[in-house]
There are 2 protein chains.
Amino acid sequence: MKKYSISKQALQRLPSYLNYLNWAKRENVKNISSPTIASDLKLNEVQVRKDLAAISSTGGKPRLGYNVDTLISDIKVFLGYDETDKAVLIGAGQLGRALLSYNGYEDYGLEIVAAFDVDNAVVGKKFKGKPIYHIDMLDRVCKKNNIHIGIITVSAENAQEACDKLVECGILAIWNFAPCHLVVPDNILVQHENTAASLAFLSMHLREKMKNEK
Amino acid sequence: MKKYSISKQALQRLPSYLNYLNWAKRENVKNISSPTIASDLKLNEVQVRKDLAAISSTGGKPRLGYNVDTLISDIKVFLGYDETDKAVLIGAGQLGRALLSYNGYEDYGLEIVAAFDVDNAVVGKKFKGKPIYHIDMLDRVCKKNNIHIGIITVSAENAQEACDKLVECGILAIWNFAPCHLVVPDNILVQHENTAASLAFLSMHLREKMKNEK
DNA sequence: TAGATTGTTAATCGATTAACAATC
DNA sequence: TAGATTGTTAATCGATTAACAATC
């Protein structure tokens, strides 16, 4: 079994393999073949094999396919879900609180340590066990916990300011949920959570489909 | 100016161009060149020109670049943000309420008409002006409003059931926020909002970066 | 054994980038 | 005019798919 270096696109497919394999596990599937995975996820079976070859520790067995449990654990290790990264979150509004309350992120190797806001109605409180501090405390908390990931869930108008503060505090990677462009130094990594892009896909395809059906 | 058919990848870049151009507009930029856009968004300038050529109604002007306002409106038209699609949402929990309260989606051509849940604590109430109905009302509301898009914000355990109900009610496209695989008939479009994928990207790059800096 | 499935090399396809003439 | 920038063709690069031998 030769190790391929993984492509950007393959990397993006790994989380869907993981969801799918967890589902298969719940359905009591012990071994699974690439044609099965491919047909369920609407992918090409060779692509599935190549993707899995890049991350699988053991490879598959002819006739049997891949062991579901091993594959799940291989993907988790590859994506680093077994090592937890700590993060802070700025903006304890609806979306911020939704992220705080979703404890599933720990399965993905992310632990939100604390939230920050300026609103006195929430500052000082806890939400789902996570403390909400005043934004002035950001630097102290980040340094103390050696935090490198920041999550922005403030409005588009306030996102740049939040971003600047995170950069000042030594944050290296930013996960931005605000629908806006951010200006950052070159060495800072920004991942835009662009739900509008998914939406664009969905509504374009839907429109095309409805046009074809006429 | 020749019209290119747009690639999948270019389509996914359009929303970030839009965010960026809205930012430029706020900064009072009237015209903008492809090298500027490329450098700010960390893209190749030829790629930017090709992407814009696919959607621009007027094209750019040598020496001047592209008109920001025209480009913004061209992208919106192309992505269908000027025509509103109606949607229903299942699951009025934290995430569901976050989506309901974000009125920005109307800028993206999506109107959430109503939410559905089974929890008597929320059924019958309104949230940000949007009614929350019991799930049993789903069919009636969808048919009456001719709705084709469904948003799933229930837990992974309940997502398949929610999905089945949406399909029964004639929904054609599903935007799934639950981190799980869904089984649907072939003619139904599913867009997984895979935040774990973004996260994977972020944490891998971060780890690589920190390794390199050692 | 026969047949399903894996893993890999080679061929194809599509997207990105380089080069450059056209234009304001 | 000179120079920045556009738009497009051609070249490159990377990702997907086809073909097929190896294997259980």
Side-chain angles (χ1 to χ4, degrees), chain A residues 1-17 20-21 24 29-71 74-75 78 197 200-201 204, chain B residues 1-17 20-21 24 29-71 74-75 78 197 200-201 204:
Chain A
M1 201 181 36
K2 190 169 140 190
K3 273 288 164 203
Y4 298 96
S5 72
I6 197 160
S7 72
K8 261 191 177 184
Q9 336 272 325
L11 182 60
Q12 310 225 49
R13 281 189 293 269
L14 289 181
S16 15
Y17 288 126
Y20 174 77
L21 292 165
V29 177
K30 299 283 173 241
N31 290 285
I32 200 161
S33 73
S34 54
T36 308
I37 300 177
S39 117
D40 285 345
L41 294 179
K42 281 145 198 155
L43 300 170
N44 177 288
E45 58 170 275
V46 183
Q47 183 171 67
V48 172
R49 278 202 291 283
K50 276 223 168 151
D51 288 351
L52 296 185
I55 57 96
S56 170
S57 54
T58 57
K61 301 241 182 324
R63 291 229 61 179
L64 261 180
Y66 301 82
N67 179 273
V68 172
D69 283 333
T70 314
L71 226 41
D74 287 341
I75 295 180
F78 191 90
F201 239 76
M204 287 210 81
Chain B
M1 200 179 41
K2 189 168 139 189
K3 273 288 164 202
Y4 297 96
S5 71
I6 198 160
S7 72
K8 262 190 175 183
Q9 338 270 328
L11 183 59
Q12 309 224 51
R13 282 189 293 270
L14 289 181
S16 17
Y17 288 126
Y20 174 77
L21 291 166
V29 177
K30 299 286 172 238
N31 291 285
I32 200 161
S33 73
S34 53
T36 308
I37 299 177
S39 117
D40 284 346
L41 293 180
K42 284 145 196 153
L43 300 170
N44 177 287
E45 58 169 276
V46 183
Q47 183 171 67
V48 171
R49 278 203 290 284
K50 277 224 168 151
D51 288 352
L52 296 185
I55 55 96
S56 170
S57 54
T58 56
K61 300 238 182 326
R63 288 232 62 178
L64 259 180
Y66 301 82
N67 178 273
V68 173
D69 283 331
T70 313
L71 226 42
D74 286 341
I75 295 179
F78 191 89
F201 238 77
M204 285 211 83

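By convention in this document, chain letters (A, B, ...) are assigned in the order of the sequence lines, proteins followed by strands, and residues within each chain are numbered from 1. The figures here come from the full heavy-atom set of this structure, side chains too, leaving out hydrogens, waters and symmetry mates. Predicted, not measured: the structure shown is a model, and the values here were computed from it.
- Annotation: salt bridge (charged side-chain N to carboxylate O under 4.0 Å, His left out) contacts of B/D69 (sequence neighbours excluded): B/K25.
- Atom CG of B/L52 and atom C1' of D/dT6 are 11 Å apart (whole Å).
- Between the OH atom of B/Y66 and the C1' atom of D/dA4 there is a distance of 13 Å, rounded to whole Å.
- Qualifying ring pair (Phe, Tyr, Trp, His ring centres under 6.0 Å) partners for A/F201, counting only residues two or more places apart in sequence or in other chains: A/H205.
- For A/P62, the side-chain contact (heavy atoms from CB on, under 4.5 Å) criterion is met by no residue, not counting sequence neighbours.
- As rounded to whole Å, 11 Å separates atom P of C/dG7 from atom CD1 of A/I37.
- Taking 4.0 angstrom as the limit, A/S34 places a side-chain polar atom (N or O) nearer than this to OP1 or OP2 of C/dT6.
- The number of heavy atoms from other shown groups lying within 6.0 Å of NZ (B/K8) does not exceed 12.
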### Query
Yes or no on side chain to side chain contact (heavy atoms under 4.5 Å, CB included) for B/Y17 and B/L14, after CA distance, side-chain angles and deciding distance?
CA-CA 5 Å; B/Y17 288 126; B/L14 289 181; 3.9 Å; yes
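- Heavy-atom minimum distance, B/A197 versus A/Q12: CB-O, 4.2 Å.
- With sequence neighbours left out, the side-chain hydrogen bond (donor to acceptor under 3.5 Å, both in side chains) criterion links B/Q9 to no other residue.
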### Task
For nucleotides 12-24 of chain D, just jot down a letter per nucleotide in 5' to 3' order: B, S or -, based on protein non-hydrogen atoms under 4.0 Å.
---SSBB----BB
### Query
Could you go step by step and tell me if B/I37 and B/L52 meet the side chain to side chain contact (heavy atoms under 4.5 Å, CB included) rule?
CA-CA 11 Å; B/I37 299 177; B/L52 296 185; 4.1 Å; yes
### Query
What pattern of brackets, bars and dots sums up DNA chain C from 5' to 3', given Watson-Crick or G-U wobble pairs under 3.5 Å, [ ] for crossing pairs and | for another strand?
..||||||||||||||||||||||
